[in-house]
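Report on the following structure.
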Amino acid sequence: GILKKTLLGIPCCCPLAVNTRPMLGTLFLSFAALLAQVSFGASEGDVATVSHSAEVAQLRLEIAQLHQLLDATATASDASERRLFVDREKNYLPGGSLSKLTIDNFMEKKHHEFQEAYKDLKGAMDSLWLILCGAMVMFMHPGFAMLETGCSRAKNAQSVLFKNLLNVTVASLAWYIFGFAFAYGGPFEDDGKHLKNGFIGAKGFAGHAFLKEDDTGNMAIDKGTSTMLTWFFQWAFCTAAATIVSGAVAQRVKSPAYAIYAFIMAGFIYPVVVAWTWNNGWIMKVADVGYMDFAGSGVVHLTGGTGAFCGAAILGKRIGWYPDDPAFHPHNVPLVVLGTFILWFGWYGFNCGSTLGLHDAGTGALAAQVAMNTTVAASTGGIVVFAIRYAKLRKYDVPAMCNGILGGLVSITAG
């Protein structure tokens with residue numbers, strides 16, 4: 001009764017009335033609810049008296065009257081104070097009473113901001129991952145250079161090294177001007193996935209439309225990954241496919257001829273194979289079973305190996321070559337081993353990078369599994385070849401063991 005009289009005694013003209021009356025009403029209701037809880041919380045051994053029941057009924061009646069009083073005396077100002085709202089133009093909670101917040105609107109805004117930030121972070125993580133893996137694949141070229149030079153005769157070392165440099169530079173320009181457009185350019189069918197003509201792409205020559213401008217004329221940054229990222233990562237694969245041939249034709253091909261080959265391989269042959277397979281070309285529709293090549297065992301290594309076989313068949317063996325002639329044996333085994341280790345290291349970028357992203361625990365676990373399988377395959381290939389050669393020759397054949405390691409790496413690349 002004292003709280004009720006105190007609440008009713010606050011005049012509406014009082015400066016504190018607007019903010020105080022709802023607060024006191026809330027306080028009184030909480031106090032009344034506590035009394036009711038205490039009243040009904042008696043132990044089973046207690047017996048409620050008639051007077052006790054009358055007090056509870058009277059208390060309920062006073063609470064109902066207070067509800068009616070608060071609703072009747074609430075002004076427009078009171079209603080606005082008690083309504084929930086949020087300032088959409090700000091990223092922080094507005095000051096004042098907590099009753100001013102619209103929790104739903106606030107949480108919806110924060111959820112949208114979180115999704116945008118997550119999309120940015122996801123794109124940044126995927127970009128970092130593919131740039132790192134692409135750089136590791138590019139680092140395989142020193143491995144190829146060391147391996148091929150060590151397996152060649154000493155007098156041809158400089159020629160072999162030059163052709164490896166020529167391969168990367170010429171193939172890069174061919175990939176930029178023609179290769180990427182033929183491999184990954186559109187147009188696509190209505191589903192946005194399958195290549196429309198099923199044979200070759202026709203958009204994106206020389207980096208066309210890689211960048212877009214916003215309304216202010218600046219470069220527009222899309223959420224997620226960019227076309228330039230795809231270009232870089234796939235460029236590393238393209239040049240790796242082209243350089244496979246350099247080892248097969250080492251010591252018996254002229255540099256201008258090899259430069260022409262590198263341009264054709266990176267600008268036309270390899271891109272067409274990619275368009276048929278990874279870009280969902282006609283092979284994807286054969287027998288409705290699709291095409292699976294996780295990291296390019298067929299697309300990259302089989303294509304490069306086929307080119308190497310054709311080149312070696314056309315050129316023939318080296319003049320005066322005999323298998324048992326020490327003059328034609330690898331002249332520098334340390335370079336062979338160094339090149340093998342470099343290639344093994346770069347293969348983690350080749351295979352693990354083919355997850356094409358590293359933005360959550362799932363892709364992280366997949367990349368780890370790929371790394372483990374790559375390691376086991378390389379080790380198994382090396383040990384098996386070494387054991388076979390030792391059983392046959394009764395001596396340690398280090399170059400053969402290196403070839404076994406590379407064979408294991410190529411085989412696991414299929415996935």
Side-chain angles (χ1 to χ4, degrees), residues 129 132-152 233 236-237 239-241 243-248 250 277-278 291-309 312 323 329-330 332-356 358 362-415:
W129 175 245
L132 174 62
C133 291
M136 291 176 65
V137 176
M138 193 275 170
F139 190 64
M140 294 173 70
H141 289 288
F144 281 116
M146 296 299 100
L147 176 66
E148 295 169 14
T149 302
C151 289
S152 303
F233 186 68
F237 279 53
T239 54
T243 201
I244 293 173
V245 179
S246 64
T277 53
W278 283 342
Y291 177 83
M292 171 63 186
D293 186 357
F294 182 74
S297 186
V299 174
V300 178
H301 298 288
L302 181 58
T303 302
T306 302
F309 175 80
H329 291 178
N332 194 322
V333 175
L335 282 182
V336 175
V337 174
L338 175 62
T340 301
F341 274 120
I342 293 176
L343 288 171
W344 190 343
F345 173 78
W347 230 286
Y348 291 112
F350 212 106
N351 289 356
C352 299
S354 293
T355 59
L356 301 181
L358 194 70
T363 52
L366 177 59
Q369 181 182 0
V370 171
M372 179 186 69
N373 293 344
T374 301
T375 304
V376 173
S379 302
T380 303
I383 291 297
V384 169
V385 172
F386 170 78
I388 293 174
R389 294 292 289 178
Y390 182 79
K392 183 178 179 180
L393 304 175
R394 292 298 171 180
K395 67 178 183 179
Y396 297 157
D397 192 343
V398 176
M401 186 176 186
C402 291
N403 283 328
I405 292 173
L406 297 177
L409 290 169
V410 171
S411 65
I412 199 61
T413 305

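No experiment lies behind these values; they were computed from the predicted model shown. For this chain, numbers begin at 1 and follow the sequence in order.
Formation of a donor-acceptor pair under 3.5 Å by the T239 side chain with backbone atoms of A236 is found in this model. Side chain of D293 to main chain of G298: a donor-acceptor pair is present (N/O by atom type, distance under 3.5 Å, no hydrogens or angles).
Of all the heavy atoms in E148 and T243, the pair that sits closest is OE2-O, 3.7 Å. Here the shortest heavy-atom pairing between A248 and A308 reads CB-CB, 3.4 Å. T340 approaches C402 most closely through the heavy-atom pair OG1-CB, 3.2 Å. Considering every non-hydrogen atom in both S152 and A250, the closest pair reads OG-CB, 4.3 Å. In plain terms, the two heavy atoms of A295 and N351 that are nearest each other are CB-OD1, 3.4 Å.
The structure places CG of N403 at 6.5 Å from SG of C151, a figure rounded to the nearest 0.5 Å. Taken from CD1 in I342 to CE in M136, the straight-line distance is 12.0 Å, to the nearest 0.5 Å. Interatomic distance, OG1 of T306 versus NE2 of H301, reported as 12.5 Å (0.5 Å rounding). Distance check, rounded to the nearest 0.5 Å: SG of C352 to CD of Q369 gives 10.5 Å. Atom CD1 in I412 sits 5.0 Å away from atom CG in N373 (nearest 0.5 Å). From L366, atom CG reaches atom CG of L358 across 9.5 Å, with rounding to the nearest 0.5 Å.
Residue F350 forms a side chain to side chain contact (heavy atoms under 4.5 Å, CB included) with just one option from T413, L343, L409, and that option is T413. Residue L147 is tested with L338, L335, V336 for a side chain to side chain contact (heavy atoms under 4.5 Å, CB included); the sole match is V336.
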* To do: Before giving the answer on side-chain hydrogen bond (donor to acceptor under 3.5 Å, both in side chains), spell out for T355 and W129 the whole-Å C-alpha distance, their side-chain angles and the decisive distance to 0.1 Å.
  => CA-CA 10 Å; T355 59; W129 175 245; 3.2 Å; yes
* To do: With ring pair (Phe, Tyr, Trp, His ring centres under 6.0 Å) as the test, would you mind laying out the steps for F341 and F345 before giving the verdict?
  => CA-CA 6 Å; F341 274 120; F345 173 78; over 10 Å; no
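For residues 132-151, the set of pairs meeting the ring pair (Phe, Tyr, Trp, His ring centres under 6.0 Å) definition, not counting sequence neighbours, is empty.
The ring-ring contact (aromatic ring centres under 6.0 Å, His included) search around Y390 returns Y396, not counting sequence neighbours.
For the 3.5 Å distance criterion, the side chains of T375 and W344 fail to qualify, holding no donor opposite an acceptor.
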